[in-house]
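Below, each value reflects all heavy atoms present in this structure, side chains not excepted, and no hydrogens, waters or symmetry copies. Whatever order the structure lists them in is the order used to number ligands and atoms, beginning at 1.
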Amino acid sequence: MIDYPLCNRIRSFNDPEMSVNSVLANQIAALFHSDDPITWAGIYMLNPLTGDCLLDMFQGLPACMKIAAHKGVIGAAVDSQKPIVVSDVHQFDGHIACDTRTESEMVIPLKPSNILLGVLDLDSDIPGFFDNIDPKTIEELQDVFTATFDRYLPL
Ligand code: SME
């Protein structure tokens, strides 16, 4: 269940001795293998020159490598710089389907020091799955992954 205990567990992986890749790998694995019906969990990194989002660490089926600027749920989350919960992907104009099982989706922008570096993307095969997550928990999840992304910024 996406709740505070899971967020705390995910945060605990952010050990400064470890590489960002290993930390992110464990963090994404913890989400993907939680009890929740999450069919895909991963990161897309923003190319600041083009506005495209590029596939990074993930678990799930092989996914679209590049999301063009302003396209899909990811493009919408980048443009608004706010988390987006999509109850029914079939009703979202421009949704990009990487897996036909996907019914609902949540995309959370990651902005260490207010610089948007990428997004966390979660898919579910259950319609409306992300609707019932408390907004405070979404903020916590954003904060946890933002703390990891902070390590991409120069000191
Ligand atoms: N559905 C996303 C594309 C990425 S996949 O879900 C992994 C979108 O519409 O932007």
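- Ser80 places a side-chain N or O within donor-acceptor distance of the main-chain N or O of Lys82, the cut-off being under 3.5 Å.
- Of the protein's heavy atoms, Val73 N, 3.3 Å lies nearest to atom 8 (C) of ligand 1.
- Atom 6 (O) of ligand 1 has Asp123 OD2, 2.9 Å as its closest protein atom, hydrogens excluded (heavy atom only).
- Given atom 4 (C) of ligand 1, the protein heavy atom at minimum distance is Asp121 OD2, 3.4 Å.
- For ligand 1, the atoms lying closer than 4.0 Å to a non-hydrogen atom of Ile74 are 4 (C), 8 (C), 10 (O).
- More than 12 non-hydrogen atoms from other residues, nucleotides or ligands lie less than 6.0 angstrom from CZ of Arg151.
- Between Arg11 and Asp143, at least one side-chain nitrogen of the basic residue sits less than 4.0 Å from a carboxylate oxygen of the acidic one, meeting the salt-bridge criterion.
- Considering backbone and side-chain atoms alike, Lys71 places every N or O at 3.5 Å or more from each N or O of ligand 1.
- Under the ring pair (Phe, Tyr, Trp, His ring centres under 6.0 Å) criterion, Phe58 pairs with Trp40, sequence neighbours left out.
- Inspection of the Ser87 and Asp131 side chains reveals an N or O donor paired with an N or O acceptor under 3.5 Å.
- In summary, the atoms of ligand 1 found under 4.0 Å from a heavy atom of Ile67, numbered by their order in the structure, are 3 (C).
- Contacts with ligand 1 closer than 4.0 Å are made by no heavy atom of Thr102, backbone or side chain.
- At the top of the distance list for atom 3 (C) of ligand 1, counting protein heavy atoms only, stands Ile96 O, 3.5 Å.
- A donor and an acceptor atom, one from each side chain of Ser124 and Glu105, are nowhere located under 3.5 Å apart.
- Close contacts of ligand 1 with His95, meaning ligand atoms under 4.0 Å from a residue heavy atom, involve 1 (N), 9 (O).
- Here the heavy atom of the protein found nearest to atom 5 (S) of ligand 1 is Cys98 SG, 3.2 Å.
- Of all the heavy atoms of Trp40, the ones lying under 4.0 Å from any atom of ligand 1 belong exclusively to the side chain.
- Looking only at heavy atoms of the protein, atom 2 (C) of ligand 1 is closest to Glu105 OE2, 3.1 Å.
- Between Asp99 and Arg101, at least one side-chain nitrogen of the basic residue sits less than 4.0 Å from a carboxylate oxygen of the acidic one, meeting the salt-bridge criterion.
- More than 12 non-hydrogen atoms from other residues, nucleotides or ligands lie less than 6.0 angstrom from NE2 of His90.
- When the options Thr146, Leu6, Leu120 are evaluated for a side chain to side chain contact (heavy atoms under 4.5 Å, CB included) with Leu141, the one that passes is Leu120.
- Heavy-atom separations between Tyr44 and ligand 1 include at least one value shorter than 4.0 Å.
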